[in-house]
Peer 1: 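Would you mind keeping the following structure in view while I ask a few things?
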Amino acid sequence: MDRLHITGGTPLHGHISVSGAKNSALKLMVTCLLTDQPVELTNMPNLADTRFLAQLLESLGVEVYWPKGTSTCHLNAAELKSTIAPYEQVRKMRASFNVLGPLVARSGHATVSLPGGCAIGARPVDLHLQALEAMGADLRVEGGYVKAAAIHGLKGAHINFSTVSVGATEHAMLTATLAKGETILENAAREPEIEDLANCLNSMGANITGAGTPIIRIKGVEKLGGTTYPVMPDRIEAGTFAMAAAAAGGDVTLDGCPVEDLGALIAKLREAGVTVDADEAASTLRIRRNGSPLKAVSLSTQPHPGFPTDLQAQFMALMCTAKGTSIIRETIFENRFMHAPELSRLGADITVRGQEAVVKGVDHLTAAPVMATDLRASVSLVIAGLAAQGETVVNRIYHLDRGFERLEAKLGACGAKIERRSGEDE
Ligand code: EPZ
């Protein structure tokens, strides 16, 4: 298994271009199931997760043409040959569960495995199922699978989510595009990826308004057509590189950066004493820190526009060497501090108390072999490694490959001493 070897202590200088957003791409790919016309997605990130979803779509009968190394993915679901998504596929990647509603909308029935829990928490799908039931789908859970049918088609519904859920909002929105009548989603998630999905669906002929606000209205249409649509830039990748630059020091500009989606992070970075020049018009974010110490800053993760849970681990890595004590609260997932003990192996002083981590800044981190069990936790160890003294070895980097495109090449181009080597996992 591959590992990353990182020799810390070198400031980063240069430009990094931001890739297409994984968490948008995964939902945009599913739109192809709603039409017999071709869907062409540009600015697609080449990631283990997006390639994996392409395989699942192929198994359903979607023709996928996405040459290696290119960022345009052609999807054509002219005819579906299966409406079954098996356990092995949905367990490996939860976003696969979102094929359920679109398959029912298109074919009248589907059988999709329940995803099960994952490293960051239980992550139930009750809200997804409630939304589909409200739209008239008949659901049975058998042997770990959801069997769904809507023999007479789906109908619009008024759905008030009890919890803000990105996945359930997206799943309901995808499904409602072809339901008869109007669907209203209340307490909908407001993440930028939801607006991206709505824009893509509208470009296919859907009638969705209010995406990006807590109330989304979807007027069902008879049919959707094809589209060519660019995946939005990845705010989480951009935020991660911003924190890498802040941790290592130096002067890095992120190009093609969705500045307007990073307000909560930018405010926290400035509070911590990092110089941030945000240019929305030019889509650039310049991060500078030249030797000045970081100040400890506390935060609580929140649904958008609050501080994203997907940047919490990286911010904790940054706070490890800040002056003072920072309290980091995770409110979205119940088990998203797996990086804390690994950061402690690098010399960080972190105490986890339930949903809170208390980070007492130390003078410096010292390299060690580390590993993590999810994507964002793994990249927080890369950030810590860039700031630590000595050579940090990050194991199990297949997690990183799920969500970061050419991570070591992008950081390496800014002077980071980071190298991928094959070898036995530790
Ligand atoms: C999406 O997950 C992202 N994944 C996650 O990114 C991200 O952390 C999360 O949104 C929050 O922003 C993708 O987009 C593929 P939720 P999702 O439904 O949709 C509870 C990463 O690292 N809930 O908004 O699964 C749930 O347990 C990943 O890229 C229910 O109770 O997240 C959680 O506590 C990790 N019932 C909360 O809602 C449900 O039916 C928010 O989860 C659904 C969710």
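Predicted, not measured: the structure shown is a model, and the values here were computed from it.
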Peer 1: In a table with atom names and distances, give each donor-acceptor pair under 3.5 Å that connects a side chain of residues 17-25 to protein atoms at least two apart or in another chain.
Peer 2:
{"residue": "S19", "atom": "OG", "partner": "E405", "partner atom": "OE1", "Å": "2.5"}
{"residue": "S19", "atom": "OG", "partner": "K410", "partner atom": "NZ", "Å": "2.7"}
{"residue": "S24", "atom": "OG", "partner": "D196", "partner atom": "OD2", "Å": "2.6"}

Peer 1: Quick one: salt bridge (charged side-chain N to carboxylate O under 4.0 Å, His left out) partners of E186, sequence neighbours excluded?
Peer 2: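 For E186, no residue satisfies salt bridge (charged side-chain N to carboxylate O under 4.0 Å, His left out) once neighbours in sequence are set aside.
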Peer 1: Where is the tightest heavy-atom contact between Q37 and T35, given as atom of each residue plus distance?
Peer 2: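 Shortest heavy-atom contact: N-OG1, 2.9 Å.
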Peer 1: Is there a donor-acceptor contact under 3.5 Å from the side chain of T111 to the main chain of I84?
Peer 2: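 Between the backbone of I84 and the side chain of T111 there is no qualifying donor-acceptor contact (under 3.5 Å).
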Peer 1: Taking all heavy atoms of L224 and all of A206, pick out the closest pair and write down the distance.
Peer 2: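 Looks like CD2-N, 3.4 Å.
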Peer 1: Out of L265, T309, L311, which one pairs with I236 under the side-chain contact (heavy atoms from CB on, under 4.5 Å) rule?
Peer 2: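 Testing each of L265, T309, L311 against I236, the sole residue satisfying side-chain contact (heavy atoms from CB on, under 4.5 Å) is L311.
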Peer 1: Do any N or O atoms from the side chain of S326 and from the backbone of V297 form a donor-acceptor pair under 3.5 angstrom?
Peer 2: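 Yes; at least one donor-acceptor contact below 3.5 Å.
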Peer 1: For I218, does its backbone N or O pair with a side-chain atom of N207 as donor and acceptor, under 3.5 Å?
Peer 2: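 Side chain of N207 to backbone of I218: no pair is present.
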Peer 1: Hey, what do you get for OG1 (T284) to CG (D277), rounding to the nearest 0.5 Å?
Peer 2: 8.5 Å
Peer 1: Working to the nearest 0.5 angstrom, can you tell me the gap between L56 CG and E88 CD?
Peer 2: 11.0 Å
Peer 1: Between L285 and A278, which heavy-atom pair has the shortest distance, and what is it?
Peer 2: CD1-CB, 3.6 Å
Peer 1: Quick check against the 3.5 Å criterion: does K268 have a side-chain atom that pairs as donor or acceptor with the backbone of S298?
Peer 2: yes
Peer 1: Is there side-chain contact between T301 and F333, with at least one heavy-atom pair below 4.5 Å?
Peer 2: no
Peer 1: To the nearest 0.5 Å, tell me how far L294 CG sits from E271 CD.
Peer 2: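 So the gap between those two atoms works out to 12.5 Å.
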Peer 1: Decide side chain to side chain contact (heavy atoms under 4.5 Å, CB included) for L197 and L201; before the verdict, give the C-alpha distance in whole Å, the side-chain angles of both, and the deciding distance to 0.1 Å.
Peer 2: CA-CA 6 Å; L197 179 60; L201 288 165; 3.9 Å; yes
Peer 1: For atom CZ of R420, is the number of surrounding heavy atoms from other residues, nucleotides or ligands below 6.0 Å larger than 12?
Peer 2: yes
Peer 1: Going through the checks in order, is the side chain to side chain contact (heavy atoms under 4.5 Å, CB included) test met by D36 and R106?
Peer 2: CA-CA 9 Å; D36 57 9; R106 173 87 182 270; 3.6 Å; yes
Peer 1: Going by atom types alone, do Q89 and S113 pair a side-chain donor with an acceptor below 3.5 Å?
Peer 2: no
Peer 1: Under 3.5 Å, side chain of R289 to main-chain N/O of V274, donor-acceptor pair present?
Peer 2: no
Peer 1: What pair of heavy atoms forms the shortest contact from L47 to R402, and how long is it?
Peer 2: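 Minimum heavy-atom contact is CB-O, 3.4 Å.
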Peer 1: Would you say S96's side chain and V90's backbone share a donor-acceptor pair under 3.5 angstrom?
Peer 2: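 Between the backbone of V90 and the side chain of S96 there is no qualifying donor-acceptor contact (under 3.5 Å).
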Peer 1: I'd like to know if the side chain of H171 and the backbone of G101 have a donor-acceptor N/O pair within less than 3.5 Å.
Peer 2: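 Between the backbone of G101 and the side chain of H171 there is a qualifying donor-acceptor contact (under 3.5 Å).
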Peer 1: Between A105 and L154, which heavy-atom pair has the shortest distance, and what is it?
Peer 2: CA-CD1, 3.7 Å
Peer 1: Indicate yes or no: at least one non-hydrogen side-chain atom of L400 is less than 4.5 angstrom from one of L4.
Peer 2: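 L400 reaches L4 side chain to side chain.
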Peer 1: Heavy atoms, side chains only, cut-off 4.5 Å: are P86 and R91 in contact?
Peer 2: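 A side-chain contact under 4.5 Å is absent here.
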Peer 1: Just jot down the ring-ring contact (aromatic ring centres under 6.0 Å, His included) partners of Y87, sequence neighbours excluded, or say none.
Peer 2: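 Scan of Y87 (ring-ring contact (aromatic ring centres under 6.0 Å, His included), adjacent residues dropped) gives none.
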Peer 1: Any pair with a residue in residues 60-80 that passes side chain to side chain donor-acceptor pair (under 3.5 Å), sequence neighbours left out, goes on the list, sorted by first then second residue, please.
Peer 2: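 Listed once each, the pairs are E40-H74.
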Peer 1: Would you kindly say whether H5 and E419 are connected by a side-chain donor-acceptor distance under 3.5 Å?
Peer 2: no
Peer 1: Would you call S378 and I397 a side-chain contact if the rule is heavy atoms closer than 4.5 Å?
Peer 2: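 Sidechains of I397 and S378: no contact.
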Peer 1: Could you measure the distance from the CD atom of E330 to the CE atom of M316? Nearest 0.5 Å is fine.
Peer 2: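 Those atoms lie 8.5 Å apart.
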Peer 1: For I159 and Q130, run side chain to side chain contact (heavy atoms under 4.5 Å, CB included): C-alpha distance rounded to whole Å, both residues' side-chain angles, the deciding distance at 0.1 Å, then the answer.
Peer 2: CA-CA 8 Å; I159 297 157; Q130 281 163 21; over 6 Å; no
Peer 1: With a 4.5 Å heavy-atom cut-off, do V382 and L411 have their side chains touching?
Peer 2: yes
Peer 1: Could you tell me whether a side-chain N or O of R336 sits under 3.5 Å from a main-chain N or O of Q312, the two making a donor and an acceptor?
Peer 2: no
Peer 1: Find the distance between SG (C257) and CG (L262) and round it off to the nearest 0.5 Å.
Peer 2: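 It is 5.0 Å, given to the nearest 0.5 Å.
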Peer 1: Side chains of L343 and L365: does their closest heavy-atom pair fall under 4.5 Å?
Peer 2: no
Peer 1: Donor-acceptor check, side chain of N187 to backbone of F161, threshold 3.5 angstrom: yes or no?
Peer 2: yes
Peer 1: Given the rule in the side chain to side chain contact (heavy atoms under 4.5 Å, CB included) test, do I266 and L269 qualify, once you have shown the distances and angles that lead to the verdict?
Peer 2: CA-CA 5 Å; I266 292 171; L269 285 176; 5.6 Å; no
Peer 1: Side chain of R217, backbone of G210: donor and acceptor closer than 3.5 Å?
Peer 2: no
Peer 1: Could you pull out all residues at least two apart from R235 that satisfy side-chain hydrogen bond (donor to acceptor under 3.5 Å, both in side chains)?
Peer 2: E193
Peer 1: Quick one: side chain to side chain donor-acceptor pair (under 3.5 Å) pairs with a partner in residues 242-258, sequence neighbours left out?
Peer 2: H15-D255, D251-R286
Peer 1: Distance from M93 atom CE to T50 atom OG1, nearest 0.5 Å?
Peer 2: 8.5 Å
Peer 1: What I'd like to find out is whether the side chain of T331 reaches to under 4.5 Å of the side chain of Q355, using heavy atoms alone.
Peer 2: no
Peer 1: Would you say L80 and L103 make side-chain contact, with heavy atoms under 4.5 Å?
Peer 2: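 Result yes, sub-4.5 Å side-chain heavy-atom pair found.
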Peer 1: Where do L100 and A148 come nearest, in terms of heavy atoms and distance?
Peer 2: CD1-CB, 3.9 Å
